[in-house]
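Just so you know, ligand 1 is whichever comes first in the structure, and atom 1 is the first atom listed for that ligand.
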Amino acid sequence: MELKIYNSKEAVAQSFSEYLAQLVQANKTTHIALSGGSTPKVVFDYLSKNYRDKIDWSTVHFYWGDERCVPPSDDESNYKMTVEHLLSKINIPNTNVHRVKGEDVPEDEAIVYGQLLEEKLPINNTLPQFDLVILGMGDDGHTASIFPYNIHLWHSENNCEVAIHPDSGQRRVTLTGQVINNAKEVAFLVTGDSKSEKVREIMNKEETASLYPASLVAPTSGILYWFLDTSAAKEITLEQS
Ligand SMILES: O=C1O[C@H](COP(=O)(O)O)[C@@H](O)[C@H](O)[C@H]1O
């Protein structure tokens, strides 16, 4: 695990964008699972402004680590956020964008999307393998759409599951642990004060950390990055990091 800490959200976006550009350049095709949330939005803005012509987007295929079960025109849609902040501003073929159909019946879409991953991605260790899974972490320690109260979904034998947001009751389709931990590389993007407690518990390997799905992210490849700003990282103790 590699911890990368920067002074601001913008500096996180800059560093992550450099990392992404190098990864794409090193591969003929790069399959990436995207995250929703506040930090990816800043990263997408940075990429669209600074890497519009510096990345060959035709070699990149985008998927989603989780999606809210709403139509793609809904403000809650992770796909819509990505279109507005990145996809509409770069030159990427539509055929390279593999969205979760949030408007379909969630239980059906979880199966369909799991099959799509098996068709589109290389299979390694009998499972679809992303080159990169980008993750956020909620204030409650959730990642993708696996929440502390339904942490058992992480261990599902399916590629995707339906999860329900604990407060809003909103249904979501989410990747499960077997696919996330099978990725070649996984990168968390986490910023802001409200994340610092959970970041500390996870980084310091405190007993409570096991309650949080984000603590279960441990790709078998061993390549895991946490891109943090100083606000999110402020409670990590030096000797533990
Ligand atoms: O609901 C979601 O939240 C998490 C974390 O988002 P953040 O705004 O707290 O950074 C995100 O990873 C996930 O994709 C999204 O659907």
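- Ring centroids of F16 and Y46 are separated by 6.0 Å or more, keeping the two rings apart.
- The cationic group of K54 lies under 6.0 Å from the six-membered ring centre of Y51 and within 45° of the ring axis, placing it in a cation-pi geometry.
- Remark: ligand 1 and A144 share no N or O pair separated by less than 3.5 Å (distance only, no angle test).
- Applying the ring-ring contact (aromatic ring centres under 6.0 Å, His included) test to Y149 and every residue at least two apart in sequence or in another chain returns nothing.
- In terms of protein heavy-atom proximity, atom 6 (O) of ligand 1 is closest to G37 CA, 3.5 Å.
- Closest to atom 8 (O) of ligand 1 among all protein heavy atoms lies S38 N, 2.9 Å.
- Hydrophobic cluster membership is shared by Y212 and W226, with clusters built from Ile, Leu, Val, Met, Phe, Trp and Tyr side chains linked at under 4.5 angstrom.
- Within ligand 1, counting atoms from 1 as listed, the ones closer than 4.0 Å to a heavy atom of R172 are 1 (O), 2 (C), 16 (O).
- When only interatomic distances are considered, the shortest N/O to N/O separation between S145 and ligand 1 does not fall below 3.5 Å.
- Of all the heavy atoms of D139, none lies under 4.0 Å from any atom of ligand 1, so neither backbone nor side chain is involved.
- For ligand 1 and G36, the ligand atoms under 4.0 Å from any heavy atom of the residue are 11 (C), 12 (O), 14 (O).
- Under the ring-ring contact (aromatic ring centres under 6.0 Å, His included) criterion, H31 pairs with H61, Y63, not counting sequence neighbours.
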S15 vs Y6, side chain to side chain donor-acceptor pair (under 3.5 Å): CA-CA, chis, key distance, verdict:
CA-CA 9 Å; S15 171; Y6 303 92; 2.6 Å; yes
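- Closest to atom 4 (C) of ligand 1 among all protein heavy atoms lies H142 NE2, 3.3 Å.
- The closest donor-acceptor contact from the side chain of S215 to the backbone of A209 lies under 3.5 Å.
- Close approach of ligand 1 to G136 is summarised as follows: ligand atoms under 4.0 Å from at least one heavy atom of the residue are 12 (O).
- Each of the following atoms of ligand 1 lies closer than 4.0 Å to a heavy atom of S35: 11 (C), 12 (O), 14 (O).
- Around NZ of K80, the count of heavy atoms belonging to other residues, nucleotides or ligands within 6.0 Å exceeds 12.
- Taking distance alone, with nitrogen or oxygen atoms compared against 3.5 Å, R68 approaches ligand 1 more closely than that limit.
- Judged by the shortest distance from any of its heavy atoms, K195 lies inside the 4.0 Å radius around the atoms of ligand 1.
- Among T143, D140, D66, the residue whose heavy atom lies nearest to atom 15 (C) of ligand 1 is D66.
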Please report the C-alpha distance between N159 and Q178 in whole Å, then the side-chain angles of each, then the deciding distance to 0.1 Å, and finally whether the side chain to side chain contact (heavy atoms under 4.5 Å, CB included) criterion is met.
CA-CA 7 Å; N159 294 332; Q178 66 172 16; 3.0 Å; yes
